[in-house]
Structure formats: C-alpha cells, structure tokens
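No hydrogens, no waters, no symmetry mates; every other heavy atom, side chains included, goes into these values.
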Amino acid sequence: MGFVLIASAAIHLNNPFRFLEAVLNYQIVYGFLANFVAGGLPHLQLVVGGALVTGVMRRGSLLLAATLFTLFLFVQLTAVFRGLDIECGCFGNAISRISWQSLGLTGLAGSIAVFLGILELRKNSLSPG
Amino acid sequence: MPRTTSVVFGPAILCTRGFRSWLFGNFALAVFIVFAAKSEHVQSQDTQAIPGSALASIDVIGSECGTYSIVAAARVAGIDFDPLAILDGNAVTGHHGSSAVDLVDIAASSGFVATPVAGIGLDYLRHSRFPVVLHLNDSVSEAGSGHWIAYLGEQDQKAIVFDVMDPKRLSTRSYSELLMVMTGQGLVVSPCSLTAADGMFGRFAAMLRCWPLAIILLLASLAPQTWQSARAQAGLLLIASTVWALLWMNTAETGWHSNFQTVAWLNSGHSAIYSSPTGSEILSSRKMYDEIMAGNISLVDARNKEQFDRFHLPNAIYLGIDMLPHRFFEAASELPTDKPVVVYCNNPQCSWSKIVAARLTLAGYTNVSCFIGGVQEYRAELKRREAG
C-alpha cells in the first residue's frame with residue numbers, strides 16, 4: 001500500500017499540470033483550492049507512503065492512508081453519479097478513466113488501511129505496560 | 001533487527017529505527033546518486049541541422065506531424081539518412097496520422113532507432129541524451145486525434161520544439177506549457193538502441209527528488225515516544241508534507257511560483273465555464289451589430305481554426321480555444337489596446353467565449369466582453385436587417 005502511494009505520487013510530481021487538470025475535471029474545487037490540492041496532495045501521498053514502507057509513525061500513517069483512500073473513493077463516486085466521464089487521476093495513463101477498476105482498487109486499498117489500523121490499535125492495547 | 005553501519009551511505013546511519021528505515025534511506029540516496037549525474041544533453045546548436053527552408057517548401061497536411069517530427073529529431077541526433085524517403089507519405093497507415101508503431105517502423109527502415117517511452121516528464125526531457133518525439137493530447141489537434149512534435153533540446157531554460165503545424169516550425173516553449181499538453185508518451189530517436197540507464201529515466205526520474213523524504217522520515221522517527229496517538233502522528237506527518245510541498249511548489253522547475261501563468265491558464269479554462277468574466281458586459285445582438293458596423297470594437301473569435309476559416313464575423317481575429325498558451329499570448333499581443341475587446345463563439349450554449357475572455361484577462365486586457373449569442377444570433381440579426 002505504501003508503494004502504491006509512492007508510485008502514484010511520483011507520477012503526479014512528474015507532471016503536476018496534468019494532475020491539476022485532473023483535479024479541475026472533478027469540478028469540486030477551483031482556483032486557489034485546486035492549486036492547494038494539486039500541489040500538496042502528491043507530497044502527502046509520498047510522505048504517508050514512505051512512512052508506511054518504513055514503519056515510522058505507523059498509526060498516524062495508517063490513519064492518513066485510510067482517510068486519503070476513503071476520500072478519493074467518495075470523490076470518484078460523486079463523479080460517477082454526476083455522469084462525468086473523466087480521467088481518474090490515479091496513475092497517469094495506467095488507469096485512464098473512472099471505472100469499476102479504479103473504484104475497486106481504491107476501495108480495496110482503503111479497506112486494507114482500515115484493517116491494518118484496527119490491528120495496530122489492538123496490538124498496542126494488548127501489549128504489556 | 002540487525003543494525004548495520006554503512007560508510008558509503010553516511011546519513012542512513014542515522015536511520016537506526018529498524019531495518020526498513022535503513023533500507024529506505026539507502027534506496028533514496030542510491031536513486032539520488034545515480035540520477036544526479038548529469039548526462040550529455042542534446043545540444044541546442046544542433047538544431048541548425050534542420051533544413052528549415054527545405055521543409056517549409058513542402059506542403060504539409062495534418063496527418064504528417066509524426067513523420068516530420070521524426071525527421072527533425074533524427075537530423076538533430078546527427079543521423080545520416082534520406083529524409084525524403086520518410087516524407088513521401090507512404091509510411092502513414094492511419095487516417096489521422098502516424099501511430100507510434102508507424103514511427104518505430106519508419107525509423108527502423110531508415111537505419112536508426114525510435115524507442116517508445118512512457119511516463120515522460122520534465123526530468124526525463126532535461127536529462128535525455130537524444131531528441132524525443134512527444135505525443136500531445138487531443139486538445140491540440142483539430143481532428144481531436146492527438147499530435148506529434150519533436151523536443152530538440154533546451155535554450156534559456158525553455159524547450160526547443162519542432163512543431164510542423166506552427167507557422168514558425170522551430171520555437172521555444174516553456175516546459176510547463178509542454179507538460180500541460182503532453183500525454184507522457186513519446187519516442188526517443190537515437191542512432192542505436194538505448195542503454196539501460198536511458199530507459200530508467202522514464203520510470204524513476206521523479207524519484208530523484210525523494211531524498212528529502214528520507215530526512216523527513218528520519219526526523220519523524222526521532223519524535224518523542226510520548227506521541228503515540230494516531231492523531232498526533234497524523235498531524236506531524238501532515239505538517240511535514242505541507243512544509244515540503246510549499247518548498248517544492250515555489251522552488252522546483254515545475255513549481256507554481258515559476259509557472260503561475262500555466263497554472264492560471266488551466267484554472268481560467270475551468271472556472272470560466274461556471275462564471276462570467278470579471279468586469280464584462282453581455283452584449284445583445286442588436287448592439288453588437290451596430291458596434292461592428294461602426295468599427296468601435298475588436299472582435300475575437302473563440303472557436304477553432306476550422307470554424308473560423310469557414311465563417312467569422314467581419315474583422316474578427318482568431319484566438320481560438322484550441323490555441324496553445326505561447327501562440328495565444330503572441331497573437332493576443334497584436335490586438336489593439338484602444339478599443340474594447342468582444343469575444344464570441346457559436347451560440348448561447350457555447351462556453352468558449354468565456355474561457356477565451358478569461359485568458360485575455362490573463363494576457364492583461366481589462367476591457368473584455370462576451371457576445372453570448374455568437375455567430376448564431378449575429379446571422380439572425382443580419383437576416384432581420386436584410387428583411388427590413
């Protein structure tokens with residue numbers, strides 16, 4: 001899951017203007033907010049992905065990962081319900097349009113993040129001291 | 001967990017919180033060391049090798065952009081071949097132009113190599129040893145089928161581009177504008193097969209910047225043990241990523257600070273659809289007709305070139321929705337500044353006039369209006385006047 005986030009972030013950082021175009025296509029945010037999302041989100045993905053891979057701040061990184069994937073799933077669903085035939089903005093051209101594939105992958109990743117988060121909480125509540 | 005010291009990757013020694021931190025630190029540093037080495041870049045003066053006058057004398061049709069681009073790229077790469085054998089038009093198999101496979105075959109039959117590459121970004125272009133034939137998205141093509149151009153090097157921190165559909169053919173464009181319209185796919189034109197190092201740039205060029213991530217995670221790993229709650233850790237990671245994002249956005253070659261015009265261009269195109277241009281007035285067809293006849297306004301046609309050539313309002317200038325930023329701002333600079341500017345497109349349902357009006361605002365024009373009725377209402381008004 002960490003590597004998925006890192007790969008996605010690398011693609012977005014490689015061409016930030018296409019990612020900005022993808023954010024604008026969702027027709028949810030414009031102007032400064034769109035710049036903020038398009039400019040900041042890849043870095044958050046990279047930091048969270050790196051934290052997941054290295055095990056640094058596991059709880060916080062799992063919480064952020066679950067939040068990111070859940071939000072992204074919600075945004076894609078709103079685009080589907082509004083009838084927008086747009087690029088999902090996931091991995092550049094690898095998954096181009098919003099589809100059941102992109103929704104499924106996002107949902108799966110979010111579920112894994114939540115599951116791992118619950119495991120992490122249980123592990124720490126069971127550990128002595 | 002084993003704790004291994006490494007003399008070569010010195011700072012990674014500090015990543016002692018577990019084997020994974022050490023591994024990630026070494027990986028990030030290795031990527032940085034490998035890709036920080038600058039390879040020989042395409043020399044900008046080699047563009048003199050392109051026979052500009054010879055190419056200009058040949059009538060160009062829209063589907064030949066791929067073959068012309070590969071000829072230009074091969075010339076700059078110093079490859080010895082017969083360009084006219086490529087430009088005879090027989091190599092194009094598709095109705096709308098060359099496919100990547102066509103161009104690979106063209107190169108092979110002429111004795112050089114065109115290697116398809118995906119994920120091309122700024123880092124790849126600037127570190128490429130050879131010219132790259134780039135595929136642009138549908139928005140730049142009248143036929144809506146994409147377009148090929150040749151990236152030939154860098155001059156004054158701008159990309160040297162050969163575009164057969166540009167009147168100048170050879171021009172320089174900002175990298176941000178190029179990134180905006182690239183699909184990320186292209187063909188590297190070289191005398192022989194690419195090395196493994198050349199091929200790796202496409203996949204890992206952006207990872208060049210990842211080494212600060214190792215520093216951030218190192219600092220995060222040193223956070224006090226008392227920060228055990230998920231929310232506290234998430235907050236710290238959010239702060240770290242925000243600081244880094246702000247630094248990146250304002251300092252990188254593709255940062256917002258140095259490319260605000262491209263960012264504003266993208267924003268204007270989308271937000272204008274849902275709002276009226278700032279400070280504009282929506283003109284009626286009757287008033288519009290009178291103003292045109294009196295010559296009191298500068299008319300701008302926001303439609304694409306094909307529609308403009310078929311019919312346009314009297315004395316209208318073409319500044320279409322399909323124009324790339326560098327051409328748009330060049331053409332917009334020729335608009336008279338002493339008259340109000342009025343933008344039109346096809347009909348009231350068309351939003352292109354609002355988008356182009358927003359772009360003119362970017363170019364510095366403040367007295368910009370939209371004729372929402374467009375060509376449809378102008379023609380209706382014309383008929384009304386002729387009928388008496």
Side-chain angles (χ1 to χ4, degrees), chain A residues 2 6-7 9-27 29-36 38-67 87 91-94 96 117 120-121 124, chain B residues 15 17-18 20-21 23-25 28 118-124 176-177 179-180 182-185 204-207 209-210 213-214 216-218 220-221 223 227-238 240-242 244-246 248-249 254-256 259 262-263 266-267 269-271 274:
Chain A
I6 290 172
I11 289 168
H12 295 147
L13 288 171
N14 205 26
N15 194 338
F17 304 105
R18 274 181 65 82
F19 185 55
L20 174 60
E21 183 89 34
V23 169
L24 289 167
N25 283 338
Y26 278 96
Q27 298 175 18
V29 290
Y30 300 104
F32 172 77
L33 271 179
N35 295 349
F36 183 75
L41 194 58
H43 300 275
L44 181 61
Q45 284 179 293
L46 204 51
V47 169
V48 171
L52 284 172
V53 166
T54 57
V56 169
M57 296 200 165
R58 181 177 281 276
R59 288 185 183 182
S61 54
L62 283 170
L63 174 63
L64 283 174
T67 308
E87 284 186 10
F91 296 101
N93 291 328
S96 54
E120 183 70 21
L121 282 172
N124 282 282
Chain B
C15 296
R17 254 181 210 272
R20 280 171 296 185
S21 299
L23 185 66
F24 186 83
I120 297 175
L122 175 69
D123 287 319
Y124 191 98
S176 58
E177 181 187 315
L179 286 173
M180 198 172 69
M182 279 165 52
T183 61
Q185 294 169 355
F204 297 110
M207 297 296 283
R209 303 182 198 279
C210 282
L213 178 62
I216 289 173
L217 293 176
L218 165 67
S221 68
W227 289 11
Q228 286 297 313
S229 82
R231 277 183 293 182
Q233 291 179 356
L236 186 64
L237 289 172
L238 268 173
S241 67
T242 303
W244 186 27
L246 284 171
W248 176 296
M249 282 160 69
T254 51
W256 273 195
N259 295 282
T262 302
V263 173
L266 286 168
N267 274 290
H270 284 264
S271 58
Y274 302 98

Closest contact, heavy atoms only, B:Q233 versus A:G60 = OE1-N, 2.8 Å

Measuring from B:L179:CG to A:F19:CZ, what's the distance to the nearest 0.5 Å?
-> 15.0 Å

Locate the shortest heavy-atom distance separating B:A234 from A:L63; write the atom from each residue and the value.
-> CB-CD2, 3.9 Å

Whatever's closer than 4.5 Å to a heavy atom in chain B on A:L44 counts as both

